[in-house]
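Just below is one structure, and these are the notes that go with it.
Indexing begins at 1, ligand by ligand and atom by atom, following the structure's order. In what follows, every heavy atom counts, from backbone to side chain, and hydrogens, waters and symmetry copies are set aside.
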Amino acid sequence: MLVPVDDYREGILAGIEPLAPIALPLADSHGCVLAEDVVAPWPLPSFDNSSMDGYAVLVSDIAGASEVSPVTLTVIDDVPAGFRADIPVTAGNAVRIMTGAPMPPGAECVVPVEKTDGGTETVQIREPVDAGAYIRRAGEDVIVGDTVVKAGTLLSARHLAVIAAVGKGHLVVHPRPRVAVLSTGSELVEPGTPLTKGMISDSNSFLLVAAANEAGAQAYRVPPVKDDGDAFAAAISDQLHRADLILTSGGVSMGAYDTVKEVFTEMGTVEFTKVAMHPGMPQGHGFVGESEGERIPVITLPGNPVSSFISFQNFVRPVIHKLRGLPGDDRPRIVAEITKAMDSQQPKRQFARGRFLADGRVEPVGGGQGSHVIGGLAQSDCLIVIPEGVAHVNAGDKVDVIDLRGDIR
Ligand code: AMP
Ligand code: MG
């Protein structure tokens with residue numbers, strides 16, 4: 001009995017809760033989901049200040065100023081940004097002021113330096129300005145008690161700026177999940193090692209670490225383990241105190257030496273399922289760890305690289321998002337015209353690799369749709385989804401497409 005893709009994903013997500021919030025320094029909370037409202041303890045701007053380099057003056061003093069008959073005022077103080085302005089502006093006087101400096105008492109407007117001769121002892125004003133001109137008023141942006149960023153917000157540069165401006169140095173956020181990636185297979189060697197017969201480079205762990213990081217995790221690679229139950233069990237136990245999610249690759253099909261399946265039959269509560277999808281039919285998920293604190297979710301991905309990638313997109317990416325405190329699925333889906341006919345194995349949902357053409361149509365990538373076709377995966381920038389019950393699409397048909405172009409930003 002094959003389990004539908006959506007049911008399988010919902011089943012995994014049902015057991016996942018957002019990671020418990022922790023306090024992080026502001027800079028480290030970039031890309032995390034805020035778990036508290038940030039409320040302004042002071043207004044923004046927090047004091048009346050100048051929006052220009054110029055002169056703080058009384059409006060009545062400069063009302064008649066013009067190019068041909070400038071008004072001359074005495075410069076009684078000089079206020080750069082970061083300094084106090086204590087000397088009041090009175091009739092006939094001006095205070096030289098820089099952008100961001102506090103307005104001196106009594107001043108009614110700022111005349112930008114461009115409308116003056118720029119003098120430091122006396123200044124000639126060549127143009128009048130209105131009352132209030134070039135003054136940024138306290139609280140015109142944010143008032144005390146305003147919520148500047150709401151709990152649940154995914155923190156970007158824009159949010160960090162206002163949070164810093166209201167003086168918060170630490171934030172309570174859902175942390176990025178720590179994701180351990182563990183490849184299994186006696187055939188695997190490290191990239192860079194010359195291949196002897198029967199051996200291949202471990203590519204899945206690199207794929208999965210990168211995909212997990214692209215989903216907002218802090219993923220790391222555990223060195224691949226051979227198809228040996230004790231070695232695999234030991235490698236999993238090692239991760240229990242450091243990972244929020246464990247991903248394995250390989251060893252979950254029906255063959256002999258399918259170590260992951262064998263070990264997880266004894267260890268934890270991992271269940272193995274056949275999902276109605278191609279590629280990526282053999283799947284497993286559950287929890288490992290003795291105590292509640294060590295109850296770590298595990299997702300066992302199939303070994304074929306394309307299966308692993310597509311399984312990741314369908315099942316792991318939504319889990320990482322949920323751990324981060326985000327809604328599960330964020331992939332943009334588009335309807336596009338397909339350029340070639342395709343068949344789809346029934347009763348499965350097919351995820352074929354495709355590439356967008358400049359005109360917005362999508363073509364299946366060359367090299368066939370086998371689950372080992374890793375070269376083809378690199379040529380693709382989208383997944384063409386052919387739903388259950390559709391055995392064939394014709395060239396020119398509209399198909400659902402999962403856009404992968406935003407993966408790396
Ligand atoms: P398995 O799921 O372990 O039966 O593996 C299925 C296929 O995927 C085999 O051809 C494996 O050699 C290949 N494979 C398994 N793990 C990896 C990996 N980490 N990197 C690249 N290929 C792999
Ligand atoms: Mg294997």
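- Of the polar atoms of Ser205, none of the N or O atoms is found under 3.5 Å from an N or O of ligand 1, judged by distance alone.
- None of Asp202, Asn204, Thr248 except one satisfies the side-chain hydrogen bond (donor to acceptor under 3.5 Å, both in side chains) rule with Ser183; the exception is Asp202.
- Considering only non-hydrogen atoms, atom 7 (C) of ligand 1 lies nearest to Asn304 out of Asp258, Ile200, Asn304, Leu208.
- Those atoms of ligand 1 with a heavy atom of Leu188 less than 4.0 angstrom away are 17 (C), 18 (C), 19 (N), 20 (N).
- When Asp228, Asp227, Asp230 are each tested for a side-chain hydrogen bond (donor to acceptor under 3.5 Å, both in side chains) with Thr259, only one passes: Asp227.
- There is a side-chain donor-acceptor pair under 3.5 Å between Gln313 and Arg331.
- One side chain, Thr90 or Asn93, offers a donor N or O that lies under 3.5 Å from an acceptor on the other.
- Phe272 has its ring centre no less than 6.0 Å from the ring centre of His285.
- Listed by atom number, the atoms of ligand 1 under 4.0 Å from Ser249 heavy atoms are 16 (N), 19 (N).
- Annotation: Gly303 places an N or O atom under 3.5 Å from an N or O atom of ligand 1; distance criterion only.
- When non-hydrogen atoms are compared, ligand 1 lies under 4.0 Å from the backbone of Ser203 as well as from its side chain.
- For atom 4 (O) of ligand 1, the closest non-hydrogen atom on the protein side is Ser253 OG, 3.4 Å.
- Within 6.0 Å of atom CZ in Phe287, more than 12 heavy atoms from other residues, nucleotides or ligands are found, so the atom counts as buried in its surroundings.
- Of the candidates Leu301, Thr259, Asp202, it is Asp202 that places a heavy atom closest to atom 19 (N) of ligand 1.
- In this structure, the ring of Tyr55 has its center no less than 6.0 angstrom from the ring center of Tyr134.
- Contact annotation: for His372 versus ligand 1, there are no heavy atoms closer than 4.0 Å.
- Taking all heavy atoms of Asn204, Val306, Val189 into account, the minimum distance to atom 18 (C) of ligand 1 is reached by Asn204.
- With Val270 as the fixed residue, the side chain to side chain contact (heavy atoms under 4.5 Å, CB included) test singles out one of Val263, Thr300, Thr265: Thr300.
- For atom 11 (C) of ligand 1, the closest non-hydrogen atom on the protein side is Glu187 OE2, 3.0 Å.
- An N or O contact shorter than 3.5 Å links Gly251 to ligand 1 by distance.
- Heavy-atom contacts of Ser183 reach the following atoms of ligand 1: 19 (N) (cutoff under 4.0 Å).
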Given Asp28 and His30, is the side chain to side chain donor-acceptor pair (under 3.5 Å) satisfied, shown in steps? CA-CA 6 Å; Asp28 295 346; His30 183 212; over 6 Å; no

